Amino acid sequence: MKITFLSHACFLLEDGKHSLLIDPYLTGNPLAAAKPEELSPDFIAVTHAHGDHLGDTAAIAKRCGSTIFAVAELARTLRGEGLTVSDGNLGGSQPTAFGRLKYVPACHGSGIAGGLACGLLVEMDGKKIYHAGDTALISDMALLREEKIDLALLPIGDYYTMGPEDALRAAEMIRPGITIPMHYDTFPVIRQDPEAFRAAAQKRGLPVRVMAPGESFVL
């Protein structure tokens, strides 16, 4: 599976047959590695409705006919815009064309009345990817170790989400094959040193890959 980091919390997952775009905040993002019109995903998953995660979801989906995965309240709003949406909620999972998607808890504002922020557990091409969304450190993350996650995408920006120290604690609880830090440097208040995070994690036996916006690798 090919993983491409497009900056902030936006990742593109591709298995050769299907493509899943997560949290496509590109327009107005000073670090964005692609323009919305350059992407044609089959599916889009959104962790919550804040602008730096919902981002260009509607514009991309309208142009490409992408199916959007979102929790119920956000899904209802997007469906009202004439978009194709598959709704879900925390704890629920659903089969998809690329594998499976499960909504897992995140501790953060939802950005929409009555809604919940979530993390995503994606099964694709025989791999499990955990996208934490925006979240504080929560004890529920310890349960994810049983999932044998291949790749964890964890925020390290602090201020609005976990900072590096709590992200290290999260990685220790989850014990993924690889951790990629995200949600940092986009705004002045979330400037962080990802290499310092990598070094601290490796001292604890936690493999970390730091990705530059636009960089890809095969998992």
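A quick note: this is a predicted structure, and the numbers were derived from the prediction, not measured.
Applying the 6.0 Å contact sphere to CD of Glu146 captures no more than 12 heavy atoms from other residues, nucleotides or ligands. Sparse packing is recorded around CZ of Arg169, with 12 or fewer heavy atoms of other residues, nucleotides or ligands lying under 6.0 Å away. Residue Lys128 places its NZ atom among more than 12 non-hydrogen atoms of other residues, nucleotides or ligands, all under 6.0 Å distant.
Using a 4.0 Å cut-off between charged nitrogen and carboxylate oxygen, Glu37 and Arg63 do not count as a salt-bridge pair.
Ring pair His108/His48 is perpendicular by interplanar angle, where above 60° counts as perpendicular and below 30° as parallel. A perpendicular orientation is assigned to the rings of Phe98 and Phe69, their planes being inclined by more than 60° (bins at 30° and 60°). Taking the six-membered ring where tryptophan is involved, the planes of Tyr25 and His8 are perpendicular, since the angle between them exceeds 60° and thus also 30°.
No side-chain N or O of Thr161 forms a donor-acceptor pair with one of Asp134 less than 3.5 Å apart. With no hydrogens or angles considered, a side-chain donor-acceptor pair links Gln94 and Ser86 at under 3.5 Å.
Closest non-hydrogen pair, His18 versus Asp42, comes out as CA-OD2, 3.3 Å. Pro24 approaches Ile60 most closely through the heavy-atom pair CB-CD1, 4.1 Å.
The backbone N or O of Gly133 lies less than 3.5 Å from no partner atom in the side chain of Thr47, so there is not a single donor-acceptor pair.
Aromatic rings of Tyr159 and His183 (six-membered ring for Trp) have centroids beyond the 6.0 Å cut-off, not under it.
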